**Student:** 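Quick one: this structure, given as structure tokens, is what I'll be asking you about.
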Number of protein chains: 2
Amino acid sequence: MNDVWDALTDPTRREILMMLKKNDMNAGEIAEKFDISKPSISHHLNILRNAGLVRSEKHGQNVIYTISTSVLEDVMNILAVLIEKRK
Amino acid sequence: MNDVWDALTDPTRREILMMLKKNDMNAGEIAEKFDISKPSISHHLNILRNAGLVRSEKHGQNVIYTISTSVLEDVMNILAVLIEKRK
DNA sequence: TATATAATTAGATAATTATATAATTAGAAA
DNA sequence: TTTCTAATTATATAATTATCTAATTATATA
């Protein structure tokens with residue numbers, strides 16, 4: 001759970017998720033969208049994967065990344081509790 | 001918005017929010033609940049306040065903290081977009 | 001007014017994190 | 001099998017962050 005929050009803190013990683021929300025992309029395509037080195041993006045992808053926010057699958061020499069939203073439900077639930085009115 | 005995510009990353013700060021969800025508390029009461037120095041808690045409270053997640057009001061020599069959830073709606077919305085199915 | 005209490009600010013430090021470059025691994029194609 | 005491309009791993013570094021102790025500020029009370 002902490003891993004999920006930590007993954008979501010970084011703006012680059014949130015943007016990656018936003019992009020993956022629209023379409024699956026491979027690592028190179030993702031890296032192209034940012035002004036950051038490929039290894040650095042690879043690192044961000046790793047953090048997202050460890051948090052369970054993306055999945056990766058190798059196709060030939062490409063690695064295709066897909067968003068995985070199930071863990072986000074937990075985050076939503078926590079927020080819902082916080083927002084919920086005190087009785 | 002970044003400030004909100006950053007504020008939410010830290011487990012101590014999330015726990016503070018959970019506590020404040022139940023009741024308003026003053027700085028000392030909050031600090032007592034953790035095994036962390038008072039200045040450190042003060043620092044966390046400052047980050048929460050800058051993110052708009054709490055408000056503080058001085059009553060005598062106590063400072064009473066209250067949760068403020070409106071910014072959390074924005075976070076919820078971002079998560080909702082991410083979770084939303086691709087069409 | 002002197003002292004005690006609540007909280008914050010100041011300053012230092014250890015740990016974490018985002019980033020880069022260089023090296024490596026794996027697969028595709030000449 | 002050599003070479004090219006995609007991606008990751010290894011390593012180093014600068015910046016950020018969480019924490020501490022000490023000092024300060026503000027209020028209350030003896």
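Nothing here was measured: the structure is a model prediction, and the numbers come from that model. Each chain gets a letter, A, B and so on, in the order the sequences are listed, and its residues count up from 1.
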**Student:** Given atom CG of B:Asn50 and atom P of C:dT9, what is their separation to the nearest angstrom?
**Tutor:**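 In whole Å, C:dT9 P and B:Asn50 CG are 10 Å from each other.
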**Student:** CG of A:Asp6 versus P of C:dA15: gap in Å, rounded?
**Tutor:** 18 Å
**Student:** Contact class for A:Ile47 (heavy atom, under 4.0 Å): base, sugar-phosphate, or nothing?
**Tutor:** sugar-phosphate
**Student:** Please determine whether a side-chain nitrogen or oxygen atom of B:Ser37 lies at a distance below 4.0 Å from atom OP1 or OP2 of D:dC20.
**Tutor:**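 Yes, within the criterion.
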**Student:** Applying salt bridge (charged side-chain N to carboxylate O under 4.0 Å, His left out) to A:Asp24 and B:Arg86, what does each step give before you reach the verdict?
**Tutor:** CA-CA 11 Å; A:Asp24 293 354; B:Arg86 255 182 228 158; 2.7 Å; yes
**Student:** Sorted by first residue and then second, give each side-chain hydrogen bond (donor to acceptor under 3.5 Å, both in side chains) pair with at least one member in residues 68-84 of chain A; sequence neighbours left out.
**Tutor:**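 Only A:Glu84-B:Lys21 qualify under side-chain hydrogen bond (donor to acceptor under 3.5 Å, both in side chains).
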**Student:** Determine, stepwise, if the pair B:Glu15 / B:Phe34 fulfils side chain to side chain contact (heavy atoms under 4.5 Å, CB included).
**Tutor:** CA-CA 10 Å; B:Glu15 207 172 328; B:Phe34 295 92; 3.9 Å; yes
**Student:** Using the side chain to side chain contact (heavy atoms under 4.5 Å, CB included) rule, pick out the option among A:Asp6, A:Val71, A:Ile78 that qualifies with A:Met1.
**Tutor:** A:Ile78
**Student:** For A:Asn62, give me all partners under side chain to side chain contact (heavy atoms under 4.5 Å, CB included), at least two apart in sequence or on another chain.
**Tutor:** A:Asn26
**Student:** What string of B, S and - do you get for nucleotides 1-13 of chain D, 5' to 3', if B is base contact, S is sugar-phosphate-only contact and - is no contact with any protein heavy atom under 4.0 Å?
**Tutor:** ----BSBBB----
**Student:** Nearest whole Å is fine: how far is D:dT17 C1' from B:Asp3 CG?
**Tutor:** 14 Å
**Student:** Can you give the dot-bracket line for DNA chain D, using ( ) for pairs inside the strand, [ ] for pairs that cross earlier ones, | for pairs with another strand and . for unpaired bases, where Watson-Crick and G-U count if both distances are under 3.5 Å?
**Tutor:** ||||||||||||||||||||||||||||||
**Student:** Would the distance check show the side chain of B:Arg13 and the main-chain N or O of B:Leu8 forming a donor-acceptor pair, the cut-off being under 3.5 Å?
**Tutor:** no
**Student:** Could you list all the side-chain hydrogen bond (donor to acceptor under 3.5 Å, both in side chains) pairs where at least one residue sits in residues 30-40 of chain B, not counting sequence neighbours?
**Tutor:**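 Passing the test, one end in residues 30-40 of chain B: no pairs.
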**Student:** For A:Arg14, which residues count as a side chain to side chain contact (heavy atoms under 4.5 Å, CB included) partner, sequence neighbours excluded?
**Tutor:**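 For A:Arg14 the side chain to side chain contact (heavy atoms under 4.5 Å, CB included) partners, ignoring immediate neighbours, are A:Pro11, B:Asn2, B:Trp5.
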